Amino acid sequence: MNAPAGKRVGADALAEKGWFATYKWLLLRRCSQFAILALFLLGPLYGVWVVKGNLAYSYTLGVLPLTDPYVALQSLLTGHVPEKLGLIGVAIVLLFYFLVGGRVYCSWVCPVNVVTDTAGWLRRRLGIKGSAHLSRETRYWVLAMTLVGSAVTGVVLWELINPVSMLHRGLIFGMGFAWAIVLAIFLFDLFVMSRGWCGRLCPVGAFYGLIGRWSPVRVSAPARSACNDCMDCFEVCPEPQVIRPALKGAATGTGPVILSSACTNCGRCIDVCSKDVFRFGMRFSNALPTSEVAAASAASSKS
Amino acid sequence: MACGVGMLGLGLGLYAKQTQALPALALRPPGALAENDFLGACIRCGMCVRDCPYDTLSLAKPETPVATGTPYFTARGIPCEMCDDIPCVKACPTGALDHKLTDINKAKMGLAVLVDQETCLNFLGLRCDVCYRVCPVIDKAITLELVPNPRTGRHTMFLPTVHSEHCTGCGKCEKSCVTEEASIKVYPLAIAKGSLGKHYQLGWEEQKKHGGSLIDEKSMVDLPDRVPEGVRLPGHYDPASGMTAPPGMPGSAAGPVPSAPPGFGGPTVPSAPPGMPGSVAGPVPSHPPGLGGGK
């Protein structure tokens, strides 16, 4: 199942497509993550106030309010209704992530993603195999717990310990000991559990995943017949379980679009595939590729 | 797994309960809801921090004993300058800082308490007055109450006295207190303010509201007062002589006794400690020459 010994993930793609095409989406994502952070830092560092606030709520150029709907929902459950700007911010963010994919927040915005991606990369390079097991459904339980807990305690519960907001807030407003929590997540992902934080525990990602349950923008594998089973996409994907139904769906007549809400639309599978099997597409174009339809009808006429 | 998440939830819940107790030195921005409501309303965005022109506010770091990410300030650090337009409140997107607060003088960020009379220079008989002078609500939130100085017997002490009705808790008094550790401090209201209890009624207030006495004064039985022999209290019936002394100063029970005989109220009688509530009328002076102590 693993790539041949001594061969790095993406080596085929590097050889066939070149460096830029192998890292295109990764570079774009890092640009997006750091650009968003830079916008937030322009104010406190250089006095240029494009964006004020942080990922919980921000106000851009005095016109665009953006509110984290997960934090807002917890606050709502404690019995508090935000002011008008806060509510408009929630609506804008919900609409945006519904359109582009809920977990686009995770892979294109969240600063912790850089930390856990680094841990995942180091884990591969160091060949660390052992990993504690925890269901990927755990995050939904944590999500439910934080929502019920907020209602019961009257406190925006997850924000007391949320490493995502701690890191982002820390970078902008002063870090304090938040670095220790970020380091703990890095070490946890590196040594204890592969893709442990983002893939199994984080309720923020779980929440955004649910927002994007029916998002139109999805990664698809229209050229899946070209797959040579190199397994590089499975190796590099933070949620590898989402790939199989789409990539190997020809046998069961499943369409080529990755429909799972856990997919973060990070595009790494597109990058590392030397056969260009994957591309960004729409969830509606989920019909079987024409070659497969022909093959299927041929098979059925034979029988 | 569900069990583990449940335990995490319980732990978080306990932690949440703990954070609801705001530490004594952390003050919330103007207009902040009561702490319990505030922790459900504040989404930790830091907009108030950004719009504060004096960098008064900060967001709590994980190691700060304030709910992580929520805004607070410490009076001895940078106090609130009480901007007229209250930009921090306007910036709040959730109303955790109540937008109904439009007059900064009505803010209740905390309450100043003169915590240490033993180190307050004015209580030592000096004229420091700094807390009184810097108070943005001078002569309302802090007044100087004049009390005879029992130590010197010939001077006046100007005791800084805080009035909770007007104190906004901005913290300027604590910031500027000249003693090494501030003798006047601003605490969150929940810590600083006492509560009388609903069953207490202040007779004189009720009387004022009613426009007169609420009882039939005539049917009151005036019991004899236990006073040293020969002393007459103004307005009181003395069964021995069958006389009622002429009325004296109203409400002057704690005041000096006008008809004190020689020796009464002399140096051996301990005077009431200065600064006790209601002592404005003054403890019995410790007899400087010529002030009623002589024969």
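Convention: sequence-line order gives letters A, B, ...; per-chain numbering from 1. Side-chain atoms are counted along with the backbone in the values below, which use heavy atoms only and exclude waters and symmetry mates. Only a predicted model underlies this, so the values are computations on that prediction, with no experimental measurement involved.
- Counting heavy atoms from C-beta outward, A:Ser165 and B:Arg44 have side chains that stay 4.5 Å or more apart.
- The contact between B:Leu59 and chain A is made entirely by side chain atoms (from C-beta outward), counting heavy-atom distances below 4.5 Å.
- Heavy-atom pairs under 4.5 Å with chain A peak, among B:Ala91, B:Gly4, B:Ala41, B:Gly13, at B:Ala41.
- The most heavy-atom pairs under 4.5 Å with chain B, out of A:Ala72, A:Ser135, A:Gly149, A:Gly174, come from A:Gly174.
- Taking the side chain as every heavy atom from C-beta outward, A:Leu157 and B:Tyr15 never approach each other to under 4.5 Å.
- Considering every non-hydrogen atom in both B:Met47 and A:Tyr57, the closest pair reads CG-CD2, 3.5 Å.
- The line from CG of B:Leu57 to CZ of A:Phe173 is 10.5 Å long, rounded to the nearest 0.5 Å.
- Of the listed residues (A:Gly176, A:Ala144, A:Gly89), the one with the most heavy-atom contacts under 4.5 Å to chain B is A:Gly176.
- Heavy-atom minimum distance, B:Gly40 versus A:Ser75: O-OG, 2.7 Å.
- For A:Val81, the part sitting under 4.5 Å from any heavy atom of chain B is the backbone (N, CA, C, O) and nothing else.
- Put simply, OG1 on B:Thr94 and CG on A:Leu85 are 11.0 Å apart, with the number rounded to the nearest 0.5 Å.
- Both the backbone and the side chain of A:Ile172 come within contact range of chain B, judged by heavy atoms closer than 4.5 Å.
- Taking 4.5 Å as the limit, every side-chain heavy atom of B:Cys42 sits out of range of all side-chain heavy atoms of A:His80.
- A:Tyr59 has its side chain out of reach of B:Arg50: every pair of non-hydrogen atoms, C-beta onward, lies at least 4.5 Å apart.
- Of the listed residues B:Cys92, B:Ala60, B:Gly69, B:Gly6, the one with more heavy-atom pairs under 4.5 angstrom with chain A than any other is B:Gly69.
- Atom OG1 of A:Thr153 is separated from atom CD of B:Gln20 by 6.5 Å, given to the nearest 0.5 angstrom.
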(message) One pair to check against side-chain contact (heavy atoms from CB on, under 4.5 Å): A:Ile161 and B:Thr68. What are the steps and the verdict?
(response) CA-CA 7 Å; A:Ile161 59 164; B:Thr68 306; over 6 Å; no
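- Interface residue B:Leu33: only side-chain heavy atoms are found under 4.5 Å from chain A.
- Residue contact with chain B, scored on non-hydrogen atoms closer than 4.5 Å, involves the side chain of A:Thr78 exclusively.
- A 6.0 Å sphere centred on CD of A:Gln241 holds more than 12 heavy atoms belonging to other residues, nucleotides or ligands.
- Contacts of B:Cys48 with chain A are absent, with no heavy-atom separation under 4.5 Å from either backbone or side chain.
- Considering OG1 of B:Thr19 and CG of A:Leu160, their distance stands at 5.0 Å, rounded to 0.5 Å.
- Once rounded to the nearest 0.5 Å, the distance linking OG1 of A:Thr146 with CG of B:Leu8 reads 9.5 Å.
- Heavy-atom distances place both the backbone and the side chain of A:Thr138 under 4.5 Å from chain B.
- Once rounded to the nearest 0.5 Å, the distance linking NZ of B:Lys61 with CH2 of A:Trp179 reads 14.0 Å.
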